[in-house]
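Just follow the structure's listing: the first ligand is 1, and inside any ligand the first atom is 1.
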Amino acid sequence: MKKGVYGLLGAVFMLVLAACATQQLASRQPLRLYVFDCGAIDVLDISVFHPGIGKGERKTLADSCYLVVHPKGTLIWDAGLPDALARMPEGKTLYDMFIMRVTKTLAAQMREIGYTPETIDYLGISHMHGDHVGNASLFPRATLLLQKEEYAAAFGPNPGQYGFDPSTYLALRANPVKILAGDYDIFGDGTVVLKRMLGHTPGHQALYVRLPKTGNILLSGDLAHFTDNWVHKRVPSFNFDKEQSVKTMQEAEQFLKANNAILWIQHDLEQNAGIKRSPAYYD
Ligand SMILES: [Zn+2]
């Protein structure tokens, strides 16, 4: 009988050891960047993105989300369109201007590579528009990383003034939050850095990732929505601060040159077509 008890204790001990080893393996993951398909947006009149050009023309934008796996933790960058849209194959129309569709949920894409949203450590959001916070509620444990102006606009008295709809990010009120007033080196080694890039919204930010094999990448947020606007430094009619938007794009261009980095424009459908999607990754 006693022997049986010791045997059982031994087995339990071995299981605990194995669990610890698995945990350690998980926490020693090398730096990786996964790209998820978080939907698409048909814009019915693209001239709202560059006033005076392309009146009445239709254009489709991609909606991308990202997972950064770092030895010290995990970060989701932007939360895309809501997974619930996957149940509406015809899409959902907003302001008679945007038709939003999701074909594959973010939750399913994360599960496919062995990550559960509930375990994610950090949630970096470029800005609080609905196409970037759609799945924010999937990450209740994550520390929300936001610039102070964005937090104030989103949770202040008049979020609608900035194009924010609080019903799309209600759950974030309960998340731990780190409010930023500048660039922020998330893991302390310079490989994953939030870049304060104001203009599109009051506290817009981008994400800079330095990958050992792939090189340096700036994930745009909505610094620009597609290559043509980036090249010509054009600003959408709905940006919070037009002058600041142009200045930020010029500064971002200098930053890219100085750091030998490339810009991934998150909404650019054509550029995204050439970028590997999860389960593939960049390291
Ligand atoms: Zn957007």
Side-chain angles (χ1 to χ4, degrees), residues 35-51 54 58-66 76-85 91-103 106 123-136 144-147 149-150 153-154 159-169 172 194-207 217-230 233-242 244-245 248-249 252 263-273 275:
V35 184
F36 301 119
D37 173 357
C38 284
I41 305 167
D42 288 329
V43 181
L44 302 183
D45 179 359
I46 199 61
S47 71
V48 297
F49 286 87
H50 38 38
R58 206 170 156 139
K59 185 176 174 72
T60 302
L61 302 181
D63 198 318
S64 310
C65 309
Y66 307 82
I76 286 286
W77 172 245
D78 275 346
L81 291 167
D83 280 358
L85 291 183
K92 185 180 172 186
T93 305
L94 187 68
Y95 308 134
D96 287 328
M97 177 58 76
F98 307 108
I99 304 173
M100 307 173 295
R101 284 173 284 111
V102 169
T103 47
L106 173 59
L123 177 60
I125 300 281
S126 62
H127 65 294
M128 299 296 271
H129 283 156
D131 53 320
H132 297 259
V133 295
N135 296 304
L144 176 64
L145 304 169
L146 273 188
Q147 296 294 324
E149 296 86 347
E150 198 72 3
Q161 181 187 330
Y162 311 98
F164 303 156
D165 174 359
S167 73
T168 60
Y169 54 78
L172 288 179
L194 286 167
K195 299 290 296 175
R196 184 173 161 89
M197 292 194 168
L198 313 182
H200 180 58
T201 57
H204 181 273
Q205 55 186 353
L207 184 73
I217 301 170
L218 183 67
L219 302 177
S220 65
D222 283 3
L223 177 67
H225 292 78
F226 39 82
T227 303
D228 187 51
N229 267 15
W230 168 248
K233 305 288 175 279
R234 291 183 184 129
V235 178
S237 58
F238 52 89
N239 269 30
F240 170 69
D241 185 332
K242 185 175 189 286
Q244 181 63 56
S245 299
T248 297
M249 282 194 276
L263 179 68
W264 281 5
I265 302 176
Q266 297 181 201
H267 281 306
D268 188 306
L269 189 73
E270 292 75 21
Q271 190 192 28
N272 270 283
I275 291 172

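No hydrogens or angles considered: nothing links the side chains of Asp222 and His204 as a donor-acceptor pair under 3.5 Å. Counting only N and O atoms by type, the side chains of Gln266 and Asp78 include a donor and acceptor under 3.5 Å apart.
Only protein N, O or S atoms were considered, and those under 2.8 Å from the Zn ion (ligand 1) are Asp131 OD2, His132 NE2, Asp222 OD2, His267 NE2.
Note: His50 and Phe226 meet the aromatic proximity criterion, with ring centroids under 6.0 Å apart. No close placement of the His132 and His200 rings is indicated, their centers lying 6.0 Å or farther apart.
With salt bridges taken as basic N to acidic carboxylate O contacts below 4.0 Å, none links Arg196 and Glu150.
Residues that satisfy the ring pair (Phe, Tyr, Trp, His ring centres under 6.0 Å) test with Phe240, not counting sequence neighbours, are Tyr162.
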